[in-house]
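Just so it is clear, the values below take in all heavy atoms, side chains as well, and ignore hydrogens, waters and symmetry mates.
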Amino acid sequence: QVQLVESGGGLVQAGGSLRLSCAASGRTFSSYGMGWFRQAPGREREFVAAIKWSTGNTYYADSVKGRFTISRDNAKNTVYLQMNSLKPEDTAVYYCAARTSFGFTAQTMGAPWYDYWGQGTQVTVSS
């Protein structure tokens, strides 16, 4: 089992920044990569960004490219999501997730490929 705890959400004005953190514990060695997802009211959970533990290779949804940055600290088993130039449409509950499945491809970025989930943290961007 892998336990994930997110932190860092909050209320910010449009154009502002937030940094989310996700601390992993438990059988973290079994994790291949980590991802961030978000879910707004009435919408499906959507992929935001992902990172491979071993190489640090990163992947982003088109909607956040150039604004969000995912990073990891292997020593701390922690993944971060730096969010800049926030927009009201970024408002959602943000979840981090861990996957044991190998291989990040365009077809394997979605939520079903992830095995463990955090409880989520609310991000609200006011206009």
Any link between Tyr116 and Ile70 through a network of hydrophobic side chains (Ile, Leu, Val, Met, Phe, Trp, Tyr) touching at under 4.5 Å?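 Same hydrophobic cluster.
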
Within one Ile-Leu-Val-Met-Phe-Trp-Tyr cluster: Val48 and Tyr80, side-chain cutoff 4.5 Å: no

Considering only heavy atoms from C-beta outward, does the side chain of [X] approach that of [Y] to under 4.5 Å?
X	Y	result
Glu6	Leu20	no
Lys52	Met34	no
Thr69	Met83	no
Asn84	Phe68	no
Asp90	Val123	no

For [X] and [Y], work out which heavy atoms get closest and say how close.
X	Y	value
Val79	Trp36	CG1-NE1, 3.6 Å
Ala24	Leu4	CB-CD2, 3.6 Å
Ala40	Ala92	N-CB, 3.8 Å

Members besides Val93 in its Ile/Leu/Val/Met/Phe/Trp/Tyr cluster (side-chain heavy atoms under 4.5 Å):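 Besides Val93, the cluster holds Tyr32, Phe37, Phe47, Tyr59, Tyr95, Phe102, Phe104, Met109, Trp113, Tyr114, Trp117.
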
I need the [X] [atom1] to [Y] [atom2] distance, nearest 0.5 Å.
X	Y	atom1	atom2	answer
Ser127	Lys87	OG	NZ	14.0 Å
Arg67	Ser17	CZ	OG	10.5 Å
Asp115	Thr100	CG	OG1	3.5 Å

Please indicate whether Gln119 has more than 12 foreign heavy atoms, meaning atoms of other residues, nucleotides or ligands, lying under 6.0 Å from its CD. yes

Before you tell me yes or no, could you show the steps for Thr91 and Glu89 under side chain to side chain donor-acceptor pair (under 3.5 Å), namely the whole-Å CA-CA distance, both residues' side-chain angles and the distance that decides it to 0.1 Å? CA-CA 5 Å; Thr91 294; Glu89 50 263 45; over 6 Å; no

Chi angles and distances behind the side chain to side chain contact (heavy atoms under 4.5 Å, CB included) call for Ile51, Asn57: CA-CA 6 Å; Ile51 189 166; Asn57 288 355; over 6 Å; no

Should Lys65 and Asp62 count as an ion pair when the cut-off is N to O under 4.0 Å?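 Salt bridge between Lys65 and Asp62, a charged N being under 4.0 Å from a carboxylate O: yes.
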
Go through the steps to decide whether Val12 and Thr124 satisfy the test side chain to side chain contact (heavy atoms under 4.5 Å, CB included), and finish with yes or no. CA-CA 6 Å; Val12 65; Thr124 303; over 6 Å; no

Trace of the side chain to side chain contact (heavy atoms under 4.5 Å, CB included) decision for Leu81 with Arg19: CA-CA 6 Å; Leu81 185 68; Arg19 188 176 84 152; over 6 Å; no

Side chain of Arg99, backbone of Ser101: donor and acceptor closer than 3.5 Å?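 Answer holds: yes.
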
When you compare the side chains of Tyr94 and Arg38, does any donor N or O come within less than 3.5 Å of an acceptor on the partner? yes

